[in-house]
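Structure, as structure tokens:
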Amino acid sequence: MDKQAVKHYLQGLQNDICRQLEQLDGQGTFNEDRWQRSHTDALGGGGCSRVMRHGAIFEQGGVNFSHVTGAQMPASATAHRPELAGRRFEAMGVSLVLHPHNPYVPTSHANVRFFIAEKEGEDPIWWFGGGFDLTPFYPFDDDCRHWHDVAKSLCAPFGDEVYSEHKAWCDRYFYLPHREETRGVGGLFFDDLNQWGFERCFEYLQAVGNGFCLAYLPIVERRAAWPFGAREREFQLYRRGRYVEFNLVYDRGTLFGLQSGGRTESILMSMPPLARWEYNYQPQPDSLEARLTTEYLRPRDW
């Protein structure tokens with residue numbers, strides 16, 4: 001089991017994704033913020049946060065790498081996984097969220113991560129996790145089909161059922177019960193992946209990480225120049241509020257990061273720069289805004 005190989009891949013992935021996004025945006029650049037934990041309370045590690053603001057396409061986006069360590073798991077985690085109690089842990093990953101300025105360009109999120117918990121005299125407990133998902137405000141069927149076609153193609157070498165299982169997992173995970181809607185049109189989500197052995201699981205992690213730009217960048221290129229006005233912008237900001245609701249209430253990565261003493265600025269990088277809430281908002285019947293919830297924010301085969 002080569003932890004250093006995983007770390008090397010993740011750092012390279014961050015570099016590659018940032019390079020491609022800067023090239024596509026043409027104006028924005030990522031500002032780098034390297035950080036280290038203070039090693040208080042037996043916490044260690046650090047990371048590299050990269051944030052783009054006020055680009056030509058991306059209003060704000062972040063691509064973060066982190067590698068954090070701890071002498072023991074948070075109590076909230078061991079309550080669900082008692083076998084982790086008393087083990088030191090390492091967690092490393094790349095996480096990104098992109099908030100475009102144009103409402104016709106979807107917001108998107110991706111994450112690939114590795115976790116290992118070790119204890120003297122016992123076998124390590126490890127797994128991979130991650131995925132990517134798409135959150136359009138004005139969806140287009142051909143964009144959604146492209147997104148899922150790429151996801152299906154990268155899953156294919158790993159088994160006939162992988163795409164359908166991880167797509168369904170994504171639909172379940174990125175769901176807001178209090179709104180009775182999915183966060184977007186889904187993608188892939190997986191966690192606790194270790195059943196294929198280390199090497200094969202690591203290969204799948206790389207396929208997902210490398211596949212994100214193949215899935216997302218063509219959609220951005222198609223929609224970035226679409227004209228929009230105040231109505232579309234206001235709706236985008238309203239829907240961004242739902243994104244915030246999910247991240248702060250349900251997202252396991254956000255909750256684990258905050259509960260384990262992670263770096264708050266990096267964890268909350270996923271928040272949009274602007275959002276709004278409106279009491280009892282009701283879109284006009286049969287409008288593009290209404291179609292988002294009636295036709296797209298529910299599990300669907302693409």
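Positions are given from 1, in the same order as the sequence printed here.
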Separation between CZ of Phe158 and CH2 of Trp196, rounded to the nearest 0.5 Å: 6.5 Å
Where does the angle between the aromatic ring planes of Phe189 and Phe174 fall among parallel (under 30°), tilted (30 to 60°) and perpendicular (over 60°)? perpendicular
Closest heavy-atom pair and its distance - Thr182, Pro299: CG2-CD, 4.0 Å
Counting C-beta onward and ignoring hydrogens, is there a side-chain heavy-atom pair between Asp191 and Arg113 closer than 4.5 Å? yes
Can you say whether the rings of Phe235 and Tyr238 are parallel (under 30°), tilted (30 to 60°) or perpendicular (over 60°)? tilted
Any idea how Trp147 and Phe212 line up, ring-wise: parallel (<30°), tilted (30 to 60°), or perpendicular (>60°)? perpendicular
Is Glu90 salt-bridged to Lys7, going by a charged N under 4.0 Å from an acidic O? no
Looking only at non-hydrogen atoms, find the nearest pair between Gln20 and Leu217 and report the distance. OE1-CD2, 3.7 Å
When the ring centroid of Phe228 is compared with that of His101, is the distance short of 6.0 Å? yes
From Arg183, Glu180, Arg298, residue fulfilling side-chain contact (heavy atoms from CB on, under 4.5 Å) relative to Tyr175: Glu180
Check whether any side-chain heavy atom of His99 lies under 4.5 Å from a side-chain heavy atom of Tyr243, and answer yes or no. yes
Interatomic distance, CG@Asn102 vs CZ@Arg233, rounded to 0.5 Å, equals 9.5 Å
Are Arg231 and Glu289 packed together at the side-chain level, in the sense that at least one heavy-atom pair is separated by less than 4.5 angstrom? yes
In terms of hydrophobic clusters joined by side-chain contacts under 4.5 Å, are Val112 and Met269 together? no
From Ile57 CD1 over to Glu22 CD, what is the distance, rounded to the nearest 0.5 angstrom? 12.5 Å
Taking the six-membered ring for Trp, are Tyr173 and Phe190 ring centroids under 6.0 Å apart? no
Does some side-chain heavy atom of Ile219 sit less than 4.5 Å from a side-chain heavy atom of Arg222? yes
Going through the checks in order, is the side chain to side chain contact (heavy atoms under 4.5 Å, CB included) test met by Val208 and Leu154? CA-CA 7 Å; Val208 173; Leu154 66 86; 3.8 Å; yes
Thinking salt bridges, do Arg145 and Asp142 make one under a 4.0 Å N-O criterion? no
Residue pair Trp35 / Ser66, side-chain heavy-atom distance below 4.5 Å: yes
Main chain of Pro106, side chain of Arg223: is a donor-acceptor contact present, judged purely on distance under 3.5 Å? no
Tell me whether Leu288 is reachable from Trp226 by hopping between hydrophobic residues (I, L, V, M, F, W, Y) whose side-chain heavy atoms are closer than 4.5 Å. yes
When every non-hydrogen atom of Gly209 is compared with those of Ile17, the smallest separation belongs to O-CD1, 4.4 Å
Are Met271 and Met52 linked, directly or through intermediate hydrophobic residues, by side-chain heavy-atom contacts shorter than 4.5 Å (ILVMFWY only)? no
Parallel, tilted or perpendicular: which fits the ring planes of His166 and Trp169, with parallel below 30° and perpendicular above 60°? perpendicular
Ignoring hydrogens and angles, tell me if any N or O in the side chain of Lys167 forms a donor-acceptor pair with the backbone of Arg300 under 3.5 Å. yes
Please assess Gln282 against Asn280 for the test side chain to side chain contact (heavy atoms under 4.5 Å, CB included), listing each intermediate value before the final yes or no. CA-CA 6 Å; Gln282 299 294 330; Asn280 197 28; 3.1 Å; yes
Strictly distance-based, threshold 3.5 Å: is any side-chain N or O of Arg87 a donor or acceptor partner for the main-chain N or O of Ala117? yes
Tyr9 and Asn210: side chain donor to acceptor below 3.5 Å: yes
Assess whether a salt bridge exists between Lys3 and Glu118, defined as any Lys/Arg side-chain N lying under 4.0 Å from an Asp/Glu carboxylate O. yes
So, does Asn194 use its side chain to make a donor-acceptor pair with the main chain of Trp126 at under 3.5 Å? yes
Nearest-0.5 Å distance that lies between atom OG in Ser153 and atom NE2 in His148: 12.5 Å
Donor-acceptor pair, side chain of Gln206 and main chain of Phe202, under 3.5 angstrom: yes
Give, for atom CG of Leu188 and atom CG of Leu134, the distance between the pair rounded to the nearest 0.5 Å. 11.5 Å
Determine yes or no for a side-chain-to-main-chain donor-acceptor pair under 3.5 angstrom, with Arg53 supplying the side chain and Asn31 the backbone. no
Has Thr69 got a side-chain atom pairing as donor or acceptor with Ala91's backbone, closer than 3.5 angstrom? no
Without swapping roles, check the side chain of Asp25 against the backbone of Ala56 for a donor-acceptor pair under 3.5 Å. yes
Under the 4.5 Å side-chain heavy-atom rule for ILVMFWY, direct or indirect, which residues accompany Leu237? Leu274
Given side chain to side chain contact (heavy atoms under 4.5 Å, CB included), test Tyr204 with Cys155 step by step and report yes or no. CA-CA 8 Å; Tyr204 182 64; Cys155 289; 3.4 Å; yes
Apply side chain to side chain contact (heavy atoms under 4.5 Å, CB included) to Glu232 and Phe137, showing your working. CA-CA 9 Å; Glu232 291 86 357; Phe137 308 115; over 6 Å; no
pair Leu193-Trp127: side-chain heavy atoms closer than 4.5 Å: no
Closest non-hydrogen atom pair between Pro273 and Gln60, with its separation: CB-OE1, 3.6 Å
What is the distance from atom NE2 of His146 to atom CZ of Phe140, rounded to the nearest 0.5 Å? 14.5 Å
Closest approach of Gly62 and Leu98, non-hydrogen atoms and distance? N-CD2, 4.5 Å
Take atom CG in Asp286; do more than 12 heavy atoms of anything else shown fall under 6.0 Å from it? no
Is any side-chain heavy atom of Arg263 closer than 4.5 Å to one of Ser49? yes
In terms of the angle between their ring planes, are Phe114 and Phe128 parallel, tilted or perpendicular, with boundaries placed at 30° and 60°? tilted
Using only atom types and a distance under 3.5 Å, with no angle test, would you say the side chain of Asn64 pairs donor to acceptor with the backbone of Ser95? no
Does atom CD of Glu265 have more than 12 heavy-atom neighbours, drawn from other residues, nucleotides or ligands, at distances under 6.0 Å? no
In sequence, state the C-alpha distance, the side-chain angles, and the governing distance for His178 and Tyr250, and then conclude on ring-ring contact (aromatic ring centres under 6.0 Å, His included). CA-CA 11 Å; His178 65 286; Tyr250 299 111; 5.7 Å; yes
Does atom CD (Gln23) have a neighbourhood of more than 12 heavy atoms from anything else shown, all under 6.0 Å? no
Determine, using the 4.5 Å side-chain heavy-atom cutoff (strictly less than), whether Val94 and Val97 are members of one ILVMFWY cluster. no
Mind checking whether Tyr296 and Trp302 have parallel, tilted or perpendicular rings, split at 30° and 60°? parallel
Check for a donor-acceptor pair, side chain of Gln236 on one end and backbone N or O of Pro100 on the other, with a separation under 3.5 Å. yes
Side-chain donor-acceptor pair under 3.5 Å between Gln11 and Asn15, yes or no? no
Is Val249 reachable from Leu176 through a run of hydrophobic residues whose side-chain heavy atoms are each under 4.5 Å from the next? yes
Exercise: identify the closest heavy-atom pair between Leu292 and Pro139: CD1-CG, 3.5 Å
Considering only heavy atoms from C-beta outward, does the side chain of Leu258 approach that of Ile267 to under 4.5 Å? yes
